[in-house]
Each structure stands twice: as structure tokens, then as C-alpha cells.
Asker: 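Once you've had a glance at the structure underneath, I'll fire off some questions.
Residues: numbered from 1 along the sequence shown. All values derive from a computational prediction rather than experimental measurement.
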Amino acid sequence: EVTGVQTCALPIWALCNIGYESEQIQLHMVGQGCIPVIVSSMERFLSSSKVQAEGCGVLCNLSANNDSNFKLIIQHGGLSAIVQAMSMHGSQLGVLYKGCSALCSLTMAPSSHSQAIEEGAASAVIKSMLMHPDNNELLYKGCGVLANLSQTPQFAAIIAKQGGVAAVAKGLSGPARSEEHTSELQS
């Protein structure tokens with residue numbers, strides 16, 4: 001028997017894969033109303049880590065390098081849905097990694113910083129990094145979110161007070177970071 005969660009998780013996963021790295025398909029997805037459907041599905045199935053992970057993945061793909069999609073995601077509550085998913089599923093690496101990835105894309109624009117801080121994005125990322133200091137990919141995306149938000153000086157101070165320095169330092173003292181991420185950080 002197929003449950004409501006399963007009938008929601010699989011289509012979201014499909015959308016995540018269909019829209020991966022194709023701007024034309026992503027624009028078509030947005031035109032078909034996918035953003036509000038994804039956000040409402042995340043809200044409806046909050047207890048499902050699968051729905052949350054795939055929802056964060058779709059929102060990440062749709063927001064990457066696309067200002068109009070980025071604005072629509074924030075307008076439809078996507079930022080809040082991502083933070084809520086990360087808070088609810090703090091032990092699920094898939095949710096946390098895809099959540100950090102989506103937040104990294106959504107915080108690229110300084111216009112999102114205030115809302116991201118208010119919604120608790122920095123706090124959710126810091127908690128994720130502190131809980132999983134040995135996961136290179138999570139740390140990398142988490143540091144990206146904190147770096148984006150820290151471009152606004154008042155938010156850098158908030159991030160520091162919330163434990164951001166400790167989270168980044170703990171990540172630096174963990175296992176050796178991947179060559180790919182190390183070389184990206186040096187350039």
C-alpha cells in the first residue's frame with residue numbers, strides 16, 4: 001500500500017532530478033507552479049525526512065543562479081520551510097546537507113540576509129555543523145551559508161553569538177577536507 005508521504009516524496013525526488021542543471025527545465029517547472037506545491041508539501045509532510053530532503057533539493061536546484069526563482073521561493077515561504085525541515089530533522093544528514101545547499105543558494109543575494117537571520121537559518125546551519133563536524137560536504141555548504149550571511153556586518157556579530165565561530169573552527173579541526181573544496185577556498 002502506498003502512503004501519502006510516498007506519493008509525495010517520489011514526485012518531489014523526480015522534480016529534483018528533472019530540474020537538475022537545466023535552466024530551461026527549471027523555468028518550465030516554475031511556470032507550472034512547482035514552487036508553492038513543493039513548499040506546501042514540505043509543510044504538509046513535515047515529519048517525513050524524505051519529503052524534506054527532496055524538497056530542499058528541488059528548492060536548491062531552482063534557486064541556483066536564478067534571481068526570479070530565488071525571489072519566488074522566498075515569497076512562497078521556501079526559506080522558512082527549509083529552516084523548519086533542518087530543525088525538525090537535525091539527525092538526518094540528507095535533510096541537513098540539502099537544506100544547507102539550498103540556504104547557500106538563497107543567501108547569495110544580500111537582500112535575503114535579514115529574512116534568513118529572522119527565520120533562523122544561521123542557527124539551523126550552526127547546529128547542523130556542530131552535530132556533524134566530520135561531514136565535509138555539510139561543513140562546506142554550511143560555511144557557504146555563514147560566509148554569505150556574514151557579508152552583512154550586523155549579521156556576522158549575530159552568527160558569532162550563535163556559535164558560528166565554534167562551528168567553523170570545529171569543522172577545521174576535523175578530518176582532512178577534500179582536495180576539491182580546499183582548492184576552491186584557496187582561489
Asker: Report the residues that fulfil side chain to side chain donor-acceptor pair (under 3.5 Å) with Ser91, sequence neighbours left out, ordered by chain and then residue number.
Answerer: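 Counting only residues at least two positions away or on another chain, Ser91 forms no side chain to side chain donor-acceptor pair (under 3.5 Å).
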Asker: Taking all non-hydrogen atoms of both residues into account, name the closest pair between Ile159 and Ser150 and its distance.
Answerer: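 Taking every non-hydrogen atom into account, CD1-OG, 3.5 Å.
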Asker: Donor-acceptor pair, distance only, cut-off 3.5 Å: does the side chain of Thr152 make one with the backbone of Phe155?
Answerer: no
Asker: Keeping the roles fixed (side chain from Gln26, backbone from Asn61), state whether a donor-acceptor pair exists under 3.5 Å.
Answerer: yes
Asker: Hey, are the side chains of Met86 and Leu103 touching, using non-hydrogen atoms and a 4.5 Å cut-off?
Answerer: yes
Asker: Looking at Met42, is its backbone amide N or carbonyl O close enough to the side chain of Gln52 to form a donor-acceptor pair, meaning the two atoms are under 3.5 Å apart?
Answerer: yes
Asker: Which heavy atom in Ser105 sits nearest to a heavy atom in Phe70, and how many Å separate them?
Answerer: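 In this case the closest contact between Ser105 and Phe70 is O-CD1, 4.5 Å.
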Asker: Starting at OG of Ser68, measure out to CG of Leu62 and round the result to the nearest 0.5 Å.
Answerer: 10.0 Å
Asker: If you measure from CG on Leu130 to NE2 on His132, what distance do you get to the nearest 0.5 Å?
Answerer: 10.5 Å
Asker: Measuring from Leu146:CG to Gln162:CD, what's the distance to the nearest 0.5 Å?
Answerer: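 Spacing of CG (Leu146) from CD (Gln162) equals 9.0 Å.
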Asker: Say whether, by atom type as modelled, one donor and one acceptor occur between the side chain of Ser123 and the main chain of Gly120 under 3.5 angstrom.
Answerer: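 Judged by distance alone, no pair lies under 3.5 Å.
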Asker: Which value, rounded to the nearest 0.5 Å, describes the distance between Arg44 atom CZ and Ser41 atom OG?
Answerer: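 Arg44 atom CZ to Ser41 atom OG measures 7.5 Å (nearest 0.5 Å).
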Asker: What heavy-atom pair brings Ala81 and Val39 nearest, and what distance separates the two atoms?
Answerer: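 Closest heavy-atom pair between Ala81 and Val39: CB-CG1, 4.2 Å.
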Asker: Could you tell me whether a side-chain N or O of His113 sits under 3.5 Å from a main-chain N or O of Thr107, the two making a donor and an acceptor?
Answerer: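 Here the side-chain-to-backbone pair exists.
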Asker: Just verifying a value: how many Å separate Leu96 CG and Met131 CE, rounded to the nearest 0.5 Å?
Answerer: 7.0 Å
Asker: First locate atom CD of Glu119, then atom OG of Ser87, and finally report the distance between them rounded to the nearest 0.5 Å.
Answerer: 10.5 Å
Asker: Hydrophobic cluster membership, with links at side-chain heavy-atom distances under 4.5 Å among I/L/V/M/F/W/Y: are Ile73 and Leu27 in one?
Answerer: no
Asker: Is there side-chain contact between Glu43 and Ser80, with at least one heavy-atom pair below 4.5 Å?
Answerer: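 In short, these two side chains do not touch, never coming nearer than 4.5 Å.
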Asker: So, Ser114 and Glu118: side-chain donor and acceptor under 3.5 Å apart, yes or no?
Answerer: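 Yes, side-chain donor-acceptor contact under 3.5 Å.
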Asker: Would Met29 and Leu72 show up in the same hydrophobic cluster when neighbours are defined by side-chain heavy atoms closer than 4.5 Å?
Answerer: yes
Asker: List the steps, then state whether side-chain contact (heavy atoms from CB on, under 4.5 Å) holds for Ser111 with Lys71.
Answerer: CA-CA 10 Å; Ser111 61; Lys71 290 174 186 171; 5.8 Å; no
Asker: For the residue pair Cys56 and Ala102, what are the closest heavy atoms and their distance?
Answerer: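 Reported closest heavy-atom pair: O-CB, 3.6 Å.
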Asker: Using every non-hydrogen atom in the two residues, find where Leu106 and Ser112 come nearest and quote the distance to one decimal.
Answerer: O-OG, 2.8 Å
Asker: Are His28 and Gln32 packed together at the side-chain level, in the sense that at least one heavy-atom pair is separated by less than 4.5 angstrom?
Answerer: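 Counting from C-beta outward, His28 and Gln32 do come under 4.5 Å.
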Asker: One thing to verify: whether Lys141 and Glu137 come together as a salt bridge, which I'm taking to mean a side-chain N less than 4.0 angstrom from a carboxylate O.
Answerer: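 So Glu137 does not pair with Lys141 through a salt bridge.
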Asker: Who clusters with Met88? Use side-chain heavy atoms, under 4.5 angstrom, across I, L, V, M, F, W and Y, and order the result by chain and number.
Answerer: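 Besides Met88, the hydrophobic cluster comprises Leu46, listed by chain and residue number.
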Asker: So which atom in Ser49 and which in Val95 form the shortest heavy-atom distance, rounded to 0.1 Å?
Answerer: O-CG2, 3.3 Å
